[in-house]
2 protein chains.
Amino acid sequence: MSNYKTSTVGLAEQFKALSNPHRLALFQRLMTCCVPGTQCGLDEAARFCVGDLGEGLDIAPSTLSHHLKELQRCGLIQTERQGKNVHCWIDPAVLDKLSHFFAVR
Amino acid sequence: MSNYKTSTVGLAEQFKALSNPHRLALFQRLMTCCVPGTQCGLDEAARFCVGDLGEGLDIAPSTLSHHLKELQRCGLIQTERQGKNVHCWIDPAVLDKLSHFFAVR
DNA sequence: TCTATAGTTCGAAATATGTCGAATTATAAA
DNA sequence: TTTATAATTCGACATATTTCGAACTATAGA
């Protein structure tokens, strides 16, 4: 447990979150705002709200909510209420960590 | 959604394979042979056989076999019989792909 | 205050997964 | 040919996951 995010169990939880096609699609949408020059999580214009994220995925709101909760539980995404909406975003450090895991160098 | 299927569903299957702590541990062991100067899959000395891979994981041989089959099914690892043993390895291209998926910038 | 919108929680049902032991196959060695 | 070792397949069972609809909470605006 020295570092939850990089331990085998913590990593496995993140991969489990990404193992569902719906959740992976949600994550990929959030990734699109993580581009050069953009500060994910700081630039609110680059965030998605829950409803918009689920657009076109054809799942019930309760299912969408459940999936986002799973993504958050394992540390893959962040959420914050903004009035009637709840905004979601990815901390770029999360992507860095996962990218490096597979980069054996 | 053909694009949705090829990119998202295939990836989700690989993440599902890595979502089990035992399978992730197996994959991590195989990753250790993917180091600079080593050609995974070509240098047989750098491969693990099934029995050695499961060493210390405390799972039944049948379970080990099942997990490796899952890793292979989604394209994460390769296997080849070598006499009494079956050798396993990772194609470095697989690691590149996954690393790049998370490398947004 | 009342209403509409956005999202969450809960309980249930169908399906998938992880695991084992027993039986089986493949190979090498005696 | 017989035996030992390495690994897989199969059947079973307990547990986990995915999904929904109904009910609920939170907020903004009229």
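Letters go in sequence order (proteins before strands), and every chain restarts at 1.
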Choosing from [options], which nucleotide comes nearest the side chain of [X]?
| X | options | result |
| --- | --- | --- |
| A:Lys16 | D:dT17, D:dT19, D:dC20 | D:dT17 |
| B:Asn85 | D:dA6, C:dT8, D:dT9 | D:dA6 |
| A:Ala60 | D:dC20, C:dT8, C:dT19 | D:dC20 |
| B:Arg23 | C:dT19, C:dG18, C:dG7 | C:dG18 |
| A:Arg81 | C:dG7, C:dA22, D:dC20 | C:dG7 |

Calculate the interatomic distance between [X] atom [atom1] and [N] atom [atom2]; express it in whole Å.
| X | N | atom1 | atom2 | result |
| --- | --- | --- | --- | --- |
| A:Arg73 | C:dT8 | CZ | C1' | 16 Å |
| B:Leu26 | C:dG18 | CG | C1' | 13 Å |
| B:Glu13 | C:dT17 | CD | C1' | 14 Å |
| A:Leu24 | D:dT18 | CG | C1' | 16 Å |
| B:Leu53 | D:dA6 | CG | C1' | 13 Å |
| A:Lys69 | D:dT18 | NZ | C1' | 15 Å |
| A:Leu64 | D:dT19 | CG | C1' | 12 Å |
| A:Glu70 | C:dT9 | CD | P | 12 Å |

Does B:Ser62 make a side-chain donor-acceptor contact with the base of C:dG21, cut-off 3.5 Å? yes
Tell whether B:Thr63 reaches the base of C:dG18 with its side chain through a donor-acceptor pair below 3.5 angstrom. no
For A:Leu68, answer base if it contacts any base atom (sugar-phosphate contacts may also be present), sugar-phosphate if it contacts only those atoms, and nothing otherwise; contact means non-hydrogen atoms under 4.0 Å. nothing
Over all strands shown, is A:His66 touching base, sugar-phosphate only, or nothing at heavy-atom distances under 4.0 angstrom? base
First locate atom OG1 of A:Thr79, then atom CG of A:Leu71, and finally report the distance between them rounded to the nearest 0.5 Å. 10.5 Å
Taking 4.0 Å as the cut-off, does a side-chain nitrogen or oxygen of A:Asn20 come that near to OP1 or OP2 on D:dT19? yes
Look at the rings of A:Phe15 and B:Phe15 and say which category their plane angle falls in: under 30° parallel, 30 to 60° tilted, over 60° perpendicular. parallel
Min side-chain heavy-atom separation B:Phe27-B:Leu95 under 4.5 Å: yes
A:Ser99 (side chain) donor-acceptor with B:Ser99 (main chain) under 3.5 angstrom: yes
The residue, B:Lys84 or B:Ile59, whose nearest nucleotide of DNA chain C is more 5′ is B:Ile59
What I want to find out is whether A:Glu70 reaches A:Arg73 closely enough, with some N-O distance under 4.0 Å, to be called a salt bridge. yes
